[in-house]
Amino acid sequence: MRALIIDDSAVMRKVIERALRQAGLELTEVLQASNGEEALQALRSDGGSASPIGLIVSDINMPVMDGLQFLEARRDEKLAEGVPVVMITTEGSEPFVLRAIAAGAQGYICKPFTADQVKARVLPLLQVA
Amino acid sequence: MLGNGGVNVSEERIARLDSAVSEVFEMMLDRSCGPVDAEIGIHERITARIQFSGAINGECLVYASQTVAQIAAEALLGTVSETCDPMVEDAVGELCNMIAGGWKSKLGSSEAVCLISVPAVTRDGTLGFRDEFGTSYHRCYSFQGNVFGVALAFQS
């Protein structure tokens, strides 16, 4: 599976990738973006891929374009439709969660997190998708 | 109380900070971490700063020596990092982000209606707060003997 990880911290992108692999995901490629705008560009470029992205993991609080703006732009542009999106963020308050779900996020994990939490919340989405 | 240099900060807020720091280190670094009575030298200090704005206006700082920052980065990443590796600054910024976010999440619902900034990381050793933040609190923590500091400041 190919995944797209969006976080302005390169450290967190590595930590999240490690957690996904620990959860049992066989990742053939991990695309990385440091903000929502870069992520949109990656999805536009990936549109005709023979092996499309199967999972998107995004932070919320990022410069340039945050994770909620990314979700809304992705929905409006109809990019990667049907691909599960999981938010991994320090913003755990209800307004953020509700806005993320309304904009198309299927999963929500608050930092700090454990590999077990990632496994429990990501794997069911992939089995359904 | 250990390292309490501030005034008008409730013990409840401090307990939330202890809990937030402990959770970040337990869950993300697989290390136990608790408060200690210590001081962090200014030499080669790395400081990460997060700002709160909204129901709470204030800042959260995480600061550590280069050596401790590097050890924390390695524990977070699970790999060895090099001296002055930009990933070390990134890791301290992300620790600050998670501690500030964890602390915020433990506030009451009315207080928690605030935004947190992306972290800013410096190596100039400064810990200054903006003038309007009249209430500040510094506390040191240790994981496996490695000491770092956390500071909170609020608008009075």
Side-chain angles (χ1 to χ4, degrees), chain A residues 5-23 30 32-39 57-70 87-100 108-121, chain B residues 19-31 33 48 50-56 60 69 72-79 81 85-121:
Chain A
I5 299 177
I6 313 161
D7 198 305
D8 55 322
S9 163
V11 166
M12 283 312 300
R13 294 197 298 269
K14 283 180 176 284
V15 170
I16 291 167
E17 178 179 347
R18 187 180 63 197
L20 292 173
R21 292 187 188 280
Q22 286 175 342
V30 177
Q32 300 194 14
S34 61
N35 60 63
E37 185 57 51
E38 286 184 12
V57 179
S58 180
D59 188 14
I60 286 183
N61 201 10
M62 297 179 287
V64 183
M65 177 185 282
D66 69 30
L68 296 175
Q69 292 169 324
F70 161 73
M87 311 306 285
I88 298 186
T89 175
T90 55
E91 284 290 2
S93 58
E94 191 175 19
F96 285 93
V97 178
L98 294 176
R99 188 174 158 198
Y108 207 100
I109 299 170
C110 287
K111 299 175 188 172
F113 58 84
T114 64
D116 285 344
Q117 288 174 335
V118 172
K119 183 176 183 179
R121 296 184 193 167
Chain B
S19 176
V21 171
S22 175
E23 284 178 7
V24 167
F25 276 74
E26 287 276 356
M27 296 171 79
M28 303 299 295
L29 287 76
D30 198 21
R31 307 283 194 279
C33 182
I50 291 274
Q51 295 187 344
F52 302 102
S53 59
I56 287 181
C60 175
E74 290 175 359
L76 183 59
L77 283 162
T79 59
S81 60
D85 187 334
M87 295 291 261
V88 174
E89 293 184 12
D90 189 342
V92 175
E94 196 55 32
L95 288 173
C96 184
N97 184 35
M98 289 187 285
I99 290 169
W103 181 82
K104 178 192 151 186
S105 72
K106 298 174 189 304
L107 298 173
S109 57
S110 60
E111 282 186 304
V113 184
C114 63
L115 299 175
I116 58 176
S117 70
V118 294
V121 182

Between [X] and [Y], what is the shortest heavy-atom contact and its length?
X      : Y      : value
A/T90  : B/M98  : CG2-CA, 3.8 Å
A/N61  : B/V118 : O-CG1, 3.7 Å
B/K104 : A/S93  : NZ-OG, 4.3 Å
A/R18  : B/M28  : NH2-O, 4.5 Å

For the interface with chain A, which of B/A100, B/G93, B/S117, B/A20 has the highest count of heavy-atom pairs at distances below 4.5 Å?
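Among B/A100, B/G93, B/S117, B/A20, the one with the most close pairs to chain A is B/S117.
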
Which bit of A/E94 comes within less than 4.5 Å of chain B, counting heavy atoms only: side chain, backbone, both or neither?
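Neither part.
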
Counting neighbours of NZ on B/K106 that are heavy atoms of other residues, nucleotides or ligands and sit closer than 6.0 Å, is the number greater than 12?
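Correct, the count exceeds 12.
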
So, taking the atom named [atom1] in [X] and the one named [atom2] in [Y], what distance separates them when rounded to the nearest 0.5 Å?
X      : Y     : atom1 : atom2 : answer
A/K111 : B/L95 : NZ    : CG    : 11.0 Å
B/D90  : A/K14 : CG    : NZ    : 10.5 Å
A/D8   : B/N97 : CG    : CG    : 7.5 Å
A/S9   : B/M87 : OG    : CE    : 7.0 Å

With a 4.5 Å cut-off on side-chain heavy atoms, are B/L115 and A/F96 touching?
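SC-SC contact between A/F96 and B/L115 confirmed.
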
With a 4.5 Å cut-off on heavy-atom pairs, point out which of A/E91, A/Q117, A/M62 contacts chain B the most.
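Option with the greatest count: A/E91.
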
